[in-house]
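Report on the structure given below.
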Amino acid sequence: MSENALEVEGLQKAFRVGAGNVVACNNVNFAIPPGGSMGLVGESGSGKSTIARMLVGLETPDAGTIHVRGRQLGTRERGRAARLRRAKEIQMVFQDPYGSLDRRLTVAQCLDQAMKLHGVTSGTSRASRVSGLLDQVGLLAKHGESKPHQLSGGQRQRVAIARCLAIEPSVMVLDEAVSALDVSVQAQILALLNEIRASSGIALLFVSHDLAVVSEVTDDVLVMYRGSVLEQGNTSQVLNHPEHSYTKLLLSSMPGPCWNPKAVMQRRAAFEAEVAT
Amino acid sequence: MSSLSTPTLASTPVIGRKKRDVAYLVSLGFLLLVVAAALLAPWVAPYAANAVDFTAIWQAPGAGHLLGTDQVGQDLFSRLIHGARESLLGPLALLALATVFGVTIGTVAAWNGGWIDVVLARITDVMFAFPGLLFVVLVIAVFGKGPATAIVALALAYAPVIAKFTRSLALAEMTRPYVDAYRVQGVGGAFLCVRYIIPNLTPPLLGYLVVLFGEGLMSLATLSFLGFGAQPPSSEWGLMVQEGQSGIIQGHIWPTLVPGAAIAAVVVAVNVVGVRLSDRLNSRFER
Ligand SMILES: Nc1ncnc2c1ncn2[C@@H]1O[C@H](COP(=O)(O)OP(=O)(O)OP(=O)(O)O)[C@@H](O)[C@H]1O
Ligand SMILES: [Mg+2]
């Protein structure tokens with residue numbers, strides 16, 4: 001097996017909803033090389049978060065395998081050592097910058113405890129690492145003493161990224177990590193991510209419904225619809241010359257200068273009719 | 001109502017805040033005084049708790065006896081101060097016991113779900129349907145009366161109530177993304193609950209426990225009043241009320257009024273301080 005940072009094969013997940021099943025992830029395959037960046041796009045409910053959560057072990061796949069640097073991840077980690085090993089392989093940044101930080105801890109405590117958990121026993125080396133991390137994600141030293149509620153959304157998301165980096169994973173999953181931020185802050189965070197990728201070689205899986213954002217930070221992209229991958233390939237190739245009609249629909253649905261909600265809904269209806277047949 | 005002067009931290013109207021500040025400070029001062037008196041009882045009480053003086057029975061408050069005397073001439077002020085120890089430590093012990101069990105069970109039920117949750121739900125249903133005092137009297141009937149049994153029996157009655165409250169708080173807390181973030185970091189379930197989730201529940205939990213402290217103080221006093229809790233020659237406040245009762249019919253209200261008022265005053269003060277404390281903790285780590 002080639003040493004991809006992340007390799008997903010035949011990933012499958014269905015949720016039981018009422019009497020029926022919702023297939024949130026249907027035979028999904030992809031690979032990200034070390035230091036690579038993959039985008040995962042699709043409309044709401046297409047199964048993007050489900051994939052992200054399966055990767056970090058918050059959901060159990062029904063079938064399929066996940067390899068990080070050639071090592072297969074278990075479906076249910078038993079014991080402290082196995083849990084920590086998995087955490088060291090994949091970390092995640094959540095969509096909600098307000099809720100994903102513990103409101104009781106200062107930024108420095110948050111980072112410190114993550115490193116302590118992962119076996120950095122010396123307090124002084126943790127402290128120096130904390131200031132290094134703050135610097136790396138573009139926060140000031142004084143932010144270390146702040147509680148989450150004293151920070152802006154963009155700053156909190158920087159903290160969440162620093163918390164991932166503290167664990168030094170091979171892969172970082174970002175589930176709508178910039179969606180709650182305004183455009184200029186988005187741009188800063190995206191620049192930060194590109195910088196991290198270049199300097200640390202951490203592979204990124206970037207989940208978003210925003211195609212412009214995805215084109216900013218990813219090499220390859222996966223277009224999902226109702227749990228299935230419809231199109232995948234080089235990001236600029238897919239976004240500039242989409243082959244699948246759903247990708248075209250997504251592209252034409254993007255709000256822009258000549259955006260027309262009515263036309264978008266008509267095209268969407270036409271697409272659903274096409275899928276139904 | 002918005003003013004253009006320098007913004008203050010809280011948006012509550014200034015006058016309302018001042019009033020609450022006064023209530024809080026007065027209550028806090030009063031409680032500190034009571035606790036200090038209880039701790040220093042042998043030194044600050046003018047008489048021993050059981051100093052009988054048949055030449056001075058049923059005296060009204062006055063110079064010699066600050067709060068009067070009872071039917072055998074014991075100084076009520078001194079008895080109150082000595083009794084404060086048992087009257088305050090009782091509910092504290094009861095709450096500590098009930099909290100350890102209640103918070104543990106409630107958190108486990110919320111985290112694990114499954115049969116623990118079902119059993120907890122059944123127990124609390126039964127507890128709510130069953131008059132609390134009846135349950136406690138039943139326990140006392142089996143294990144014998146006395147302050148220790150009364151405390152344990154009440155703790156058993158309070159634990160499911162605390163468990164249910166904790167469970168609902170913990171369930172809400174566990175849906176917050178930071179809990180997922182900890183799991184992704186590799187934090188194990190037990191550690192996550194003890195180290196991160198429970199501490200995040202403390203502000204609302206504390207507010208609730210303070211209310212329960214007042215209730216516990218009254219319940220223990222009630223049990224003593226009924227003869228199930230503290231036993232003579234203790235001067236626990238509930239017992240004092242009971243012993244003073246015989247004088248009421250003859251118009252001697254002080255032996256019942258003094259301990260009764262002490263119970264009421266402490267309960268009110270504890271509630272005022274508790275609400276404020278809970279607010280403070282809340283604002284300490286929330287927006
Ligand atoms: N725990 C769950 N139980 C039942 N159904 C679920 C659960 N989680 C997700 N689903 C369903 O799986 C499907 C995919 O959901 P998912 O959250 O992965 O979508 P998404 O692409 O992330 O959408 P969004 O862009 O809105 O975040 C949806 O139909 C959703 O209703
Ligand atoms: Mg999602």
Side-chain angles (χ1 to χ4, degrees), chain A residues 49 52-53 55-59 77-106 109-111 113-119 146-151 156 159-161 163-164 166-167 169 171-173 175-177 180, chain B residues 6-12 103 106-108 110-114 166 168-209 277-287:
Chain A
S49 294
R53 292 174 65 83
L55 289 177
V56 294
L58 291 172
E59 299 282 358
E77 261 62 33
R78 290 256 167 243
R80 185 182 149 87
R83 271 200 316 271
L84 293 182
R85 184 142 36 95
R86 185 190 189 119
K88 197 109 190 144
E89 270 149 3
I90 303 197
Q91 278 301 306
M92 174 158 167
V93 178
F94 293 81
Q95 168 168 12
D96 174 13
Y98 297 91
S100 67
L101 299 175
D102 190 336
R103 61 195 181 285
R104 208 169 42 84
L105 302 185
T106 65
Q109 286 170 335
C110 163
L111 300 178
Q113 293 188 9
M115 286 185 278
K116 201 170 177 183
L117 179 73
H118 282 269
S146 306
K147 294 270 177 78
H149 71 91
Q150 295 163 320
L151 300 174
R156 290 181 211 201
V159 175
I161 291 169
R163 180 174 60 181
C164 291
I167 296 175
V171 181
M172 218 158 111
V173 179
D175 188 1
E176 307 273 12
Chain B
T6 43
T8 49
L9 272 177
S11 56
T12 32
V103 169
T107 310
V108 170
W111 183 257
N112 279 36
T166 306
S168 67
L169 288 178
L171 274 180
E173 195 66 22
M174 284 163 189
T175 62
R176 297 197 183 213
Y178 83 86
V179 174
D180 277 344
Y182 276 131
R183 287 175 64 199
V184 170
Q185 277 184 21
V187 179
F191 191 75
L192 178 50
C193 287
V194 172
R195 185 69 192 277
Y196 299 117
I197 293 178
I198 293 176
N200 272 321
L201 304 182
T202 43
L205 206 55
L206 195 78
Y208 188 64
L209 288 178
L277 218 63
S278 166
D279 274 1
R280 263 210 193 156
L281 263 183
N282 239 334
S283 60
R284 177 98 64 87
F285 52 75
E286 243 163 321
R287 71 207 69 166

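Side-chain atoms are counted along with the backbone in the values below, which use heavy atoms only and exclude waters and symmetry mates. A note on names: the letters A, B, ... follow the listed sequences, proteins ahead of strands, and every chain is numbered from 1.
The two residues A:Ser100 and B:Ala181 make their nearest non-hydrogen contact at O-CB, 3.8 Å. Shortest non-hydrogen contact noted between B:Val184 and A:Met92 is CG1-N, 3.9 Å. Counting all heavy atoms, side chain and backbone alike, B:Val187 lies closest to A:Arg83 at C-NE, 3.8 Å. Counting all heavy atoms, side chain and backbone alike, B:Tyr196 lies closest to A:Asp102 at CD2-OD2, 3.6 Å.
Interface residue A:Leu101: only backbone heavy atoms are found under 4.5 Å from chain B.
One finds a salt bridge joining B:Glu173 and A:Arg103 here, because a Lys/Arg side-chain nitrogen approaches an Asp/Glu carboxylate oxygen to under 4.0 Å. A:Asp96 has no carboxylate O lying under 4.0 Å from a charged side-chain N of B:Arg176, or vice versa, which leaves the two without a salt bridge.
Annotation: side-chain contact (heavy atoms from CB on, under 4.5 Å) contacts of A:Pro169 (sequence neighbours excluded): A:Gln91, A:Ile202. The side-chain hydrogen bond (donor to acceptor under 3.5 Å, both in side chains) check on A:Thr106 picks up A:Gln109, with sequence neighbours excluded. A:Gln150 pairs by the side-chain hydrogen bond (donor to acceptor under 3.5 Å, both in side chains) definition with nothing, not counting sequence neighbours.
Interatomic distance, CG of B:Leu201 versus CZ of A:Arg104, reported as 10.0 Å (0.5 Å rounding). Atom CG of residue A:Leu58 and atom CZ of residue B:Arg183 lie 5.5 Å apart, to the nearest 0.5 angstrom.
For residues 188-195 of chain B, a heavy-atom distance under 4.5 Å to chain A picks out B:Gly188, B:Arg195, given by residue number.
A distance-only check finds no donor-acceptor pair linking the side chain of A:His118 to the backbone of B:Gly186 [under 3.5 Å].
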